[in-house]
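In what follows, a single structure is set out as structure tokens and then discussed.
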Amino acid sequence: MRRLRSITLVLALVLGLTGCSAPPADPDTAEEHVQFLAMDTVMTLSLYGENRAEALSAAEDLIRSLEAKLSRTEEDSAVSRLNRGEAVELDEELDSLLSLAAFFRLATEGAFNIGVAPLASTWGFTTDHYQVPDPSEISRLVKVVEETWLRDSPEGHVLEPGQAIDLGGIAKGYAADKLAELFREREIPRAMASLGGNVLAWGNRPDGTPWRVGVQDPARPDDQSAFAGILSLKNAFAVTSGGYQRYFEEGGRVYHHILDPATGYPADSGLTSVTVVADYFPGESFGTLCDALSTAFFVMGEEDALDAWREDWSRDVDLVLVTEDGRVVITQGLAESFTLDEGSGYTLEIVS
Ligand code: AMP
Ligand code: MG
């Protein structure tokens, strides 16, 4: 049996988001809302403030133009051209995003690697024609992925034949960073953006309390009101990676879309989801950081993820790890802002 679950609102059941708007006369509490499909997921934006209507349409335009630029299914995108083996002059934005991706690859010892594209294709995750590939093909592609680096050439950047990149593990977090800048420039006082598992909680809720962002219970993916717990967030990013977000079943086994570049198979690390949380700081790229790390930590598993977090990332981000054996492990910085859903059956551990 084959099956796809498209990523829906994942983190983003924003409790109390609707139905609490004051009369439109008060721009600080009146809400402008849109939902659309982009980057292969459902996106929801809710904006407040004087400039909410024009900012909302600018925000949607921004996401659509990033989608066109970063997609590997749009034939004309720079990424597609690179993947066809063409030499491409990268513009500043793509150049710096690809440099960031290379940095995250090194910093996560290869757990995050945009070069997984040929593997993702052979598993069918780009075309929705899922299959469990032949083990020898997987081993061959693991080597290809390992050797995938963009090279400089006189005509621009270039990949070797057979190599390809996929920005799916980082693009939505990058889009969240760009949205935050747009909200700041347009003086949006409060907003909630949910980009398929990537949430930006901007300002406070209209009643002055923090936004409430649900961490989906990975064990109950079909029930979008089933949470492992709730995060209270203000001016922050929360990005979740989970096997339940996209998968298929074959021969009684589940195969999901987050691949371990070291094995070529879907990561099987004992985690069912990873949420990475960071505060917004102007000019920083913490949405992108959260996105790359959520994918990488999901691949690494609890022990290695926490070791890496302690060593390199504990000043910038906090984590919610949901484990296969029924625990929710949060890092100390979230002790006040994470509330376990008592009915979920998970036990809570706080680590530092
Ligand atoms: P995310 O939902 O952010 O964890 O990203 C998952 C998406 O990133 C997948 O659908 C692939 O497009 C891509 N991907 C899968 N495995 C990896 C990996 N190990 N490193 C980087 N990107 C990946
Ligand atoms: Mg990611």
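Both counts, for ligands and for their atoms, begin at 1 and track the order of listing. Source: prediction; values computed, not measured. Sequential numbering from 1 along the given sequence is applied to the chain's residues.
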Ligand 1 contact by A111, heavy-atom criterion under 4.0 angstrom:
yes

Return yes when F125 approaches ligand 1 closer than 4.0 angstrom through a heavy atom, no otherwise.
no

Which heavy atom of V317 sits nearest a heavy atom of W309, and at what distance?
O-NE1, 2.8 Å

Answer with yes or no whether the hydrophobic clustering places L62 together with V79; edges join I, L, V, M, F, W, Y residues whose side-chain heavy atoms lie under 4.5 Å apart.
yes

Grouping I, L, V, M, F, W and Y whenever their side-chain heavy atoms are under 4.5 Å apart, do W149 and L159 come out in a common cluster?
no

Checking N51 side chain against R186 main chain: does a donor-acceptor pair fall under 3.5 Å?
yes

Tell me if the centroids of the rings in Y265 and W123 come within less than 6.0 Å of each other.
yes

Taking 4.0 Å as the limit for heavy-atom contacts, which would you say applies to V116 with ligand 1: side chain only, backbone only, both, or neither?
side chain

Which atoms of ligand 1 sit under 4.0 Å from any heavy atom of [X]?
X    : result
D166 : 11 (C), 12 (O)
P261 : 19 (N)
F112 : 20 (N), 21 (C)

What class does the angle between the rings of F125 and H257 fall in, given that below 30° is parallel, 30 to 60° is tilted and above 60° is perpendicular?
perpendicular

Does T295 bring an N, O or S atom to within less than 2.8 Å of the Mg ion (ligand 2)?
yes

Degrees at the Mg ion (ligand 2) between the OD1 atom of D291 and the O atom of G169, nearest 10°:
80°

Are any of the N or O atoms of S241 closer than 3.5 Å to those of ligand 1?
yes

